[in-house]
Amino acid sequence: MTKRRLKNLSVCIMLALIAAFSAALAAVPAYAGEEEPAAGAYTYAPGAALEYLNRFFDGDANRERRTGTEGARKTAEWIAAEFKALSDMSKLTAESAPYFTSTVAKTKADDPDYIKEIELVSSAGLFQKETKVAVYNVAGYFKSPASGAATKTVIIGANYDNLYGLEYNQGYYSKSEGALDNASGVAAMLAAAKTVVENATKAVDPVYPEFNIMFVAFGGGNNGFYGSYDMTVNFQRYHSVITLSDIALMVNLSCIAGGDKLYLYCDEVETPHQNRIKEIADSLPGNVGLNLPPKNKKIVPAVGSPILYTHKGLSGDNFYFWSSRINAVNIFGYNWDINASGDTESQKGGIAGTDADTFANLFTYYENGKEMLDSAAHIAAGIIYDSEMPAVLTAGKAEKFDYRAFVTNPVYSFVYQMAVVIGVIVLLALMYSGSKKYTPKVIIQKYTAKISVFGDEYESGGSGQNSAEGNDKPGNPFE
């Protein structure tokens, strides 16, 4: 081969390599570190939940929001204003577009939209008077025009109250701002709501969720989840058309910006929607990981509870929906590996409910808290946009054996308690009998000589009065 031909061949190879490299560059997605979304797919804006959390604590806002206080009412109004802003955003599109609307009627002339005032009554004790305090639930509703969504509704909720100002001891008041417990859940709920509105109002290819969505900020979370309890027993207060049986799923967001891991709890038994939600979470870019509870869930006695036991998965506003035979999900930050009981959410200790639970301290204490917050909000959005989820929830509800009556019905609970007591007694008896050693008894009889008291003639009988032979021997006077 001549030098000229060799040079031409080298130039051709060079040009081919340049062309291949250019084609490879053209194929690189425009999104750095994430897959480019397919046409018509929903989009989630990273950092949306953190933005809401920053606004939640802007200045001294929403720091004091203990149930029954003026601060709780102001926080309810703040959340209602955020819902109103999303409603205004949804109305910027054509008239046929869905609206983000209030689901509850005003109870007073000065009540803002979206707020429902209910009354929490504390029973009177021996030396106490009956007390009544106001609890505010804040609810907004998004009606989706997606095919098949008309009769299916998902609730995404979080409680917003905290313990700030509660007197623990004489002269000592809680300073717990509840940034983790549970302003983080409220922020993620609002981020999911914003995601729905933004995708529905796209100028090109708007995207709608597979369900109608009810977004709820529950009051009374630290009072036995009273807000969610009221919603399950008085659902018609919150929506005049749909009923509780129309709720396909309730998603609870709790303490999601802290803890060692992000957990998903669905039910006491494995369910189809548990597996599907886990698949959704694992497929999302940047997800910190969604963990399932251990098979042997660590439980604590549930004193005064309608069930015999409880654990972290049931300790949320999902509980009353779960006990009302509604598919319910609890997404929360925790560390189940180190807790036989209690609420300690981290290997290095927990801050939920303590004076350390402040907005200034949250992300210093939990360095991965921002990622967990964002992941939970993104997972909540992923659930309602998943095309397989409606069928999964329907099938799961149809095939599931409903055991909940056996653990929530007071009669069954009494029977179970008696069975447990009897079982423990039997077990202790078996253990005692198994530990007891039996040895053969050896009976040693000692024979002694018979002692005559009155003489042999009396012992053997004599003649006289008692003598059978009638001889002259004196008889035994004791015979």
Side-chain angles (χ1 to χ4, degrees), residues 48-49 51-92 98-120 132-143 153 155-162 164-165 177-178 182-183 185-198 200-201 212-223 225-231 234-242 253 317:
E51 179 184 348
Y52 271 113
L53 189 61
N54 286 330
R55 288 163 52 186
F56 189 90
F57 286 108
D58 186 20
D60 291 332
N62 302 316
R63 176 182 295 174
E64 304 178 32
R65 53 186 193 278
R66 184 164 49 91
T67 300
T69 64
E70 178 69 10
R73 184 185 65 81
K74 289 182 177 179
T75 297
E77 291 177 352
W78 183 90
I79 297 170
E82 294 298 327
F83 282 167
K84 179 67 165 56
L86 292 173
S87 176
D88 292 341
M89 184 188 302
S90 72
K91 295 175 183 177
L92 294 177
Y99 284 178
F100 190 100
T101 60
S102 167
T103 68
V104 296
K106 295 180 180 180
T107 56
K108 296 179 181 179
D110 58 348
D111 276 350
D113 291 335
Y114 305 98
I115 293 181
K116 179 65 180 179
E117 181 180 339
I118 54 182
E119 193 173 59
L120 171 61
K132 298 179 180 180
V133 297
V135 177
Y136 303 97
N137 281 350
V138 191
Y141 187 74
F142 182 90
K143 183 172 178 58
T153 298
I155 294 176
I156 298 179
N159 74 288
Y160 65 86
D161 58 306
N162 67 1
Y164 195 97
E177 296 177 1
N182 186 36
V186 173
M189 181 268 294
L190 290 172
K194 185 178 181 181
T195 298
V196 169
V197 173
E198 286 182 339
T201 55
N212 300 317
I213 314 297
M214 184 179 289
F215 299 95
V216 186
F218 294 107
N222 289 296
N223 302 81
F225 309 109
Y226 188 78
S228 53
Y229 165 76
D230 181 80
M231 193 170 201
N234 298 299
F235 192 81
Q236 294 307 117
R237 292 181 181 178
Y238 299 87
H239 202 286
S240 59
V241 177
I242 64 175
L253 301 168
D317 285 290

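Start at 1 with the first residue, then count along the sequence.
Only one option out of Arg63, Arg66, Arg65 pairs with Glu177 in a salt bridge (charged side-chain N to carboxylate O under 4.0 Å, His left out); it is Arg63. Each of Val196, Val197, Thr201 was compared with Leu86 under the side chain to side chain contact (heavy atoms under 4.5 Å, CB included) criterion, and only Val197 meets it.
With rounding to the nearest 0.5 angstrom, the NZ atom of Lys143 is 11.5 Å from the CD1 atom of Ile213. We find the CZ-OH distance between Phe56 and Tyr160 to be 9.5 Å, quoted to the nearest 0.5 Å. To the nearest 0.5 Å, atom OH of residue Tyr114 and atom CD of residue Glu82 are 11.5 Å apart. From Met189, atom CE reaches atom CG of Asn159 across 10.0 Å, with rounding to the nearest 0.5 Å. Note that OG1 of Thr195 and CG of Leu190 are 10.5 Å apart. Values are rounded to the nearest 0.5 Å. One distance of note links CG of Asn62 with CG of Leu53; it measures 10.5 Å at 0.5 Å rounding.
Put simply, the side chain of Glu70 does not reach to within 4.5 Å of the side chain of Glu64, judged on heavy atoms. Proximity of Asn223 to Asp161: side-chain heavy atoms (C-beta onward) are separated by under 4.5 Å at one or more points. You'll find the side chain of Tyr141 reaches within 4.5 Å of the side chain of Ile242, heavy atoms only. By the 4.5 Å heavy-atom criterion applied to side chains, Trp78 and Arg55 are counted as neighbours.
Under the side-chain contact (heavy atoms from CB on, under 4.5 Å) criterion, Arg237 pairs with Lys116, Ile118, Asp230, Asn234, sequence neighbours left out. Not counting sequence neighbours, Lys74 has no partner by the side-chain hydrogen bond (donor to acceptor under 3.5 Å, both in side chains) test.
In terms of heavy atoms, Phe142 sits closest to Ala200 at CZ-CB, 3.6 Å. The shortest non-hydrogen separation linking Ala49 to Ala187 is O-CB, 3.4 Å. The minimum heavy-atom distance between Gly227 and Asn137, with the atom names listed, is O-ND2, 2.9 Å. The shortest heavy-atom contact between Ile115 and Ala80 is CG1-CB, 3.9 Å. In terms of heavy-atom proximity, Thr67 sits nearest to Val135 at CG2-CG2, 3.7 Å. Listed here is the closest heavy atom pair of Ala72 and Gly68: CB-N, 4.4 Å.
Other residues, nucleotides and ligands contribute only 12 or fewer heavy atoms inside 6.0 Å of the OH atom of Tyr229.
The backbone N or O of Leu253 lies less than 3.5 Å from a partner atom in the side chain of Asn182, making a donor-acceptor pair. A donor-acceptor pair is defined here as one N or O able to donate and one able to accept, closer than 3.5 Å; such a pair exists between the side chain of Tyr226 and the backbone of Glu119. With hydrogens and angles ignored, the 3.5 Å screen pairs no side-chain donor or acceptor of Asp317 with any backbone N or O of Ala158. Between the side chain of Ser90 and the backbone N or O of Tyr99 there is no donor-acceptor pair closer than 3.5 Å. Checked by atom type and distance alone, the side chain of Thr103 pairs as donor or acceptor with a backbone atom of Tyr238 at under 3.5 Å. Side-chain N or O atoms of Thr75 include one that pairs as donor or acceptor with a backbone N or O of Gly71 at under 3.5 Å.
Note on ring orientation: taking the six-membered ring where Trp is involved, the planes of Phe215 and Phe100 are parallel (angle under 30°, cut-offs 30° and 60°).
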